[in-house]
Asker: 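There's a structure below that I have some questions on.
Remember, predicted model here, so these are calculated numbers, not experimental data.
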Amino acid sequence: MILACVVEPIKSKIWRRTILIGAGILLLLLYIVVVFTKTKITKGPAAQEVINSKRNKVIEAKRGDVLAVDGRKLACSIAEYTIYMDPCADGLTDETFNSNIAQLSTQLAGFFKDKSAEQYRREISEARVKKRRHISLTPKGRHLSLYEKDQVKSFAILNRGANRGGYIEEERGARSRPFKILASRTVGDLFADKEKGGRVGIEQSFDEELRGVNGVGNLINVGGRWLERIETPAENGLDVHTTIDVDIQDVAEHSLMQQLKKFDAEYGVALLMEVKTGAVRAIVNLHRSSEGKYSEEYYNYAVGNLSEPGSTFKLATVMALLEDGYVLPEDTINTFKGTYKFYNCEMKDSNKEGHGLITVAEGFEVSSNIAFSRLAMKYYKDNPQRFVDRLRTFGLCDSLCLDVKGEQSTDMKDYGESTWSGTTLPWMSIGYEVRLTPMQLLTFYNAVANGGVMMRPMLVQSLDRNGAPVKTFRPKVLRSSIASSSTIRKVKEMLKGVVEKGTAKNISNTPYKIAGKTGTAQIARGKGGYGGDNSPKDYLASFAGFFPADKPMYTCVVMVSGPKYNFYGNVVAGSVFKDIADRVYAAEYKRGHFDEEPRVEKSDAMPYSKGGRREYTDKVLRDIRVPHNNPDNTTDWVSTKAENSSVSVSSKPIVAGIMPDVRGMGAADAVNILESSGLRVRLNGFGHIRTQSIAPNERVVKGMTVALDLGY
């Protein structure tokens, strides 16, 4: 009886607890149903409107990079942002909004400077009242960098995030050229409407590979939070790995720029090709604007501009005469006293007194117009087409199948055409009435340097994904032999003679031998022709050749159009050729590719050198026997200063969070240091770093942008 009295209260207590737990579960289920119903019914229309407006959001594929031969970026995609706000975000209370909207409006007005603070306050407040949930805070046409985006994200209200502050950001890819002007016309750019893709250059020719495939996703608002759901992921574009050497390109561009400025020329081209492979290591196209400044933005003269080459074409003429068995280098020709008439047209030599009786080789060395025009008329007058056909066997009219669009076909007449006249043959033999592009001339000279094997000019070596080649482009032979080995051997000796004792003696003072040909051609200007005795004449000064002459590694062509103060190819173009060749030779010597030791010019002052890595700077100065102090090994980077009898080398410490001093360094090293510190870099000009927008030793944070001005 007592036991029953004890058990009954315990059962009753368990039952009550069971009822309470069940009731709690029912209440929880009821709450979930209410919340779900509220979301679907109360907020359904507004939420559905947002979903519909953002459905099938494009997830942009990252456009591939255009890379230099060593992997440095010539063009790359950087992130840009557009900032939006949802003033009706669920977590954004009236109290928070009303107490902070004035501060936010002031911050936006001060940052963007496109509207007053009152305009911002009014527009955002009206959007909140009208339940507009996606308003742009970024001015139309403007996009923010990562650093700018983070600044805006820190503003009042927005710094509370998406749910409690309504902050929304959209990222897009933008195009940047870290080396600015360098090879920019060949690298190319994009249309303003990015959907059109590449506009010119490699960006255009490899647009499909670079652009990748966009993905698809949804941007939805769930419980006041903006969520992105990916349906189809984006496939990023491939990187285009070019053959361009940034260091050689820099030297070629600087040397040509200085020469164009010196002679106030219209435009200039400089090209450097690797003999065995046809790989183009430098391609410069500089044009003078109406303001007198030179840039690469105008036109790719190297591949698209046809011009009469002048005396550099005499190589083709003498090869035709040799190949057809008409002459030998030691045969003689009378050039008289510097003038000779063909029908009613007078041919002149640059030497007004004339060269008299000279050998074919001597005529080539002194670039006698009369010698080669007379030889052409003597042997081809009765069959001019044979001369033209022989020129075509040299590949002068072949398509080069370039990696960039815009290649023009050689303009070479056939006998019997309406424009052929009695003077066409003699004038064609010295580089008139025939038009080539600089790239075609380069390819021809490179074939001679390569023992007669004509290589296709190669600007792209591979398509890469994540640093690994997906598709590789191999060197391609266009013609296995443009002429007999005997002819090639003879003209190589004649090209060496031009530099050793002919018109290009001014560039012969080198520790290696150069083979090449000068050219000075008058430029025809439409109906005005070449200019009469009393009218101004425009000239194209050029030099084409290769080095080292005995074991050619590189072929180079330089053309300068419209120089005002001098027009001879040896002076205007030859000196640029020598600058490029000297730099390339020095680099190749350090790699052990040459036997000769580079010559060090004697001077009262030591040579200028850029700052850089400690071990590289020390090695270079030791290799070229320049006295210098040994920098300590506590830092990886050093700066240099040329003094009267030595080069002073000092340590350049790099400290995290502190802006380093990169003045005096090359662009590549400076960018390496700054980007490793988490900073973004904007380059202007070329050469070494002259100024930096953030002073040395100032505190910096990741994402900040540093502007570097370069010069010499």
Side-chain angles (χ1 to χ4, degrees), residues 50 54 57-63 65 73 75-87 89 91-92 96-97 100-101 103-115 117 119-121 123-124 127 132-178 190 192 194 214-215 217 219 221 224-228 230 234 236 657 659 671 674-683 693-694 698-708:
V50 172
K54 304 303 290 183
K57 175 183 180 292
V58 173
I59 301 173
E60 287 191 0
K62 178 182 178 293
R63 189 175 180 87
D65 298 332
K73 296 178 181 180
C76 59
S77 292
I78 59 174
E80 289 186 340
Y81 300 87
T82 302
I83 305 301
Y84 299 90
M85 182 180 182
D86 176 9
L92 180 55
T96 299
F97 183 85
N100 290 281
I101 185 60
Q103 182 183 356
L104 173 60
S105 301
T106 300
Q107 289 173 316
L108 291 171
F111 185 84
F112 290 117
K113 296 180 173 58
D114 65 323
K115 302 175 186 176
Q119 283 177 294
Y120 271 108
R121 187 198 64 77
E123 290 177 6
I124 296 172
R132 289 169 50 208
R133 307 202 62 167
H134 198 266
I135 63 171
S136 176
L137 300 182
T138 311
K140 186 177 181 180
R142 177 163 178 188
H143 302 280
L144 307 183
S145 67
L146 175 63
Y147 177 64
E148 292 173 324
K149 183 263 292 185
D150 288 342
Q151 283 184 286
V152 175
K153 190 176 181 179
S154 69
F155 291 171
I157 301 180
L158 302 179
N159 58 14
R160 294 172 175 265
N163 185 40
R164 296 189 301 123
Y167 175 81
I168 306 169
E169 68 180 45
E170 285 189 359
E171 181 181 334
R172 70 185 287 272
R175 211 62 173 159
S176 173
R177 288 201 296 258
L190 309 182
K194 63 182 180 181
N214 290 336
L219 188 65
N221 187 298
R225 294 179 181 273
W226 289 91
L227 302 176
E228 184 179 276
I230 298 176
N236 293 335
M659 180 65 197
V671 170
L674 296 174
E675 288 189 345
S676 297
S677 302
L679 302 176
R680 302 182 64 192
V681 183
R682 185 171 68 249
L683 298 173
S693 61
I694 301 177
E698 283 193 12
R699 291 200 169 275
V700 292
V701 296
K702 290 184 177 181
M704 292 180 67
T705 299
V706 183
L708 303 179

Asker: Any chance you could lay out the side-chain contact (heavy atoms from CB on, under 4.5 Å) test for Tyr84 and Glu169, step after step, and finish with the verdict?
Answerer: CA-CA 6 Å; Tyr84 299 90; Glu169 68 180 45; over 6 Å; no
Asker: How long is the span from the CG atom in Leu158 to the CD atom in Gln151, to the nearest 0.5 Å?
Answerer: 13.0 Å
Asker: Would you say the side chain of Thr106 lies within less than 4.5 Å of the side chain of Leu104, judging by non-hydrogen atoms?
Answerer: no
Asker: For Ile135 and Ala127, work out which heavy atoms get closest and say how close.
Answerer: CG2-CB, 3.8 Å
Asker: Rounded to the nearest 0.5 Å, what's the gap from CZ on Phe111 to CZ on Phe155? Could you check?
Answerer: 5.5 Å
Asker: If we ignore hydrogens and angles and just use 3.5 Å, is the side chain of Asn236 paired with the main-chain N or O of Lys62 as donor and acceptor?
Answerer: yes
Asker: Does any non-hydrogen side-chain atom of Arg133 lie less than 4.5 Å from one of Met85?
Answerer: no
Asker: Give the minimum heavy-atom separation between Ala117 and Ala109, together with the two atoms involved.
Answerer: N-CB, 3.5 Å
Asker: Within a reach of under 6.0 Å around CZ of Arg682, are more than 12 heavy atoms found that belong to other residues, nucleotides or ligands?
Answerer: no
Asker: Is any side-chain heavy atom of Arg142 less than 4.5 Å from a side-chain heavy atom of Phe112?
Answerer: yes
Asker: Checking side-chain contact (heavy atoms from CB on, under 4.5 Å) for the pair Met659/Leu674: CA distance, chi angles, key distance, verdict?
Answerer: CA-CA 8 Å; Met659 180 65 197; Leu674 296 174; 3.6 Å; yes
Asker: Does the side chain of Leu190 reach to within under 4.5 Å of the side chain of Arg63, using non-hydrogen atoms?
Answerer: yes
Asker: I'd like to know if the side chain of Ser136 and the backbone of Thr138 have a donor-acceptor N/O pair within less than 3.5 Å.
Answerer: yes
Asker: Any chance you could measure Tyr147, atom OH, to Lys702, atom NZ, to the nearest 0.5 Å?
Answerer: 15.5 Å
Asker: Is there side-chain contact between Ile83 and Ile168, with at least one heavy-atom pair below 4.5 Å?
Answerer: no
Asker: Just jot down the salt bridge (charged side-chain N to carboxylate O under 4.0 Å, His left out) partners of Arg160, sequence neighbours excluded, or say none.
Answerer: none
Asker: About how many Å separate NZ of Lys73 and CZ of Arg177, when rounded to the nearest 0.5 Å?
Answerer: 15.5 Å
Asker: Verify, without hydrogens or angle tests, whether Asn214 (side chain) and Ala61 (backbone) share a donor-acceptor contact under 3.5 angstrom.
Answerer: yes
Asker: Just to verify, what does Lys115 make a salt bridge (charged side-chain N to carboxylate O under 4.0 Å, His left out) with, not counting sequence neighbours?
Answerer: Glu123
Asker: So, Arg175 versus Ser77: side-chain donor-acceptor pair below 3.5 Å or not?
Answerer: yes
Asker: Applying side chain to side chain contact (heavy atoms under 4.5 Å, CB included), can you list everything that pairs with Leu146, at least two apart in sequence or on another chain?
Answerer: Tyr81, Lys149, Asp150, Arg680
Asker: Tell me whether Ser105 contacts the main-chain N or O of Ile101 through its side chain, where contact means a donor paired with an acceptor under 3.5 Å.
Answerer: yes
Asker: Carefully, step by step, assess Arg164 and Thr96 under the rule side-chain contact (heavy atoms from CB on, under 4.5 Å).
Answerer: CA-CA 9 Å; Arg164 296 189 301 123; Thr96 299; over 6 Å; no
Asker: Could you report the tightest heavy-atom contact between Ala156 and Gln107, atom names first, then the distance?
Answerer: N-OE1, 2.9 Å
Asker: Please tell me if the side chains of Glu675 and Val681 come closer than 4.5 Å, counting only heavy atoms from C-beta onward.
Answerer: yes
Asker: Any non-hydrogen side-chain atom of Phe97 less than 4.5 Å from a side-chain atom of Ile124?
Answerer: yes
Asker: Measure the CG-CD distance between Leu108 and Gln119 for me, rounded to the nearest 0.5 Å.
Answerer: 12.0 Å
Asker: Determine the minimum heavy-atom distance between Leu137 and Tyr120, stating which atoms define it.
Answerer: O-OH, 3.9 Å
Asker: Which heavy atom of Asn159 sits nearest to which heavy atom of Ser154, and what is that distance?
Answerer: ND2-O, 3.5 Å
Asker: Find out whether Thr82 and Leu144 are in side-chain contact, i.e. whether some heavy atom of one side chain is under 4.5 Å from a heavy atom of the other.
Answerer: no
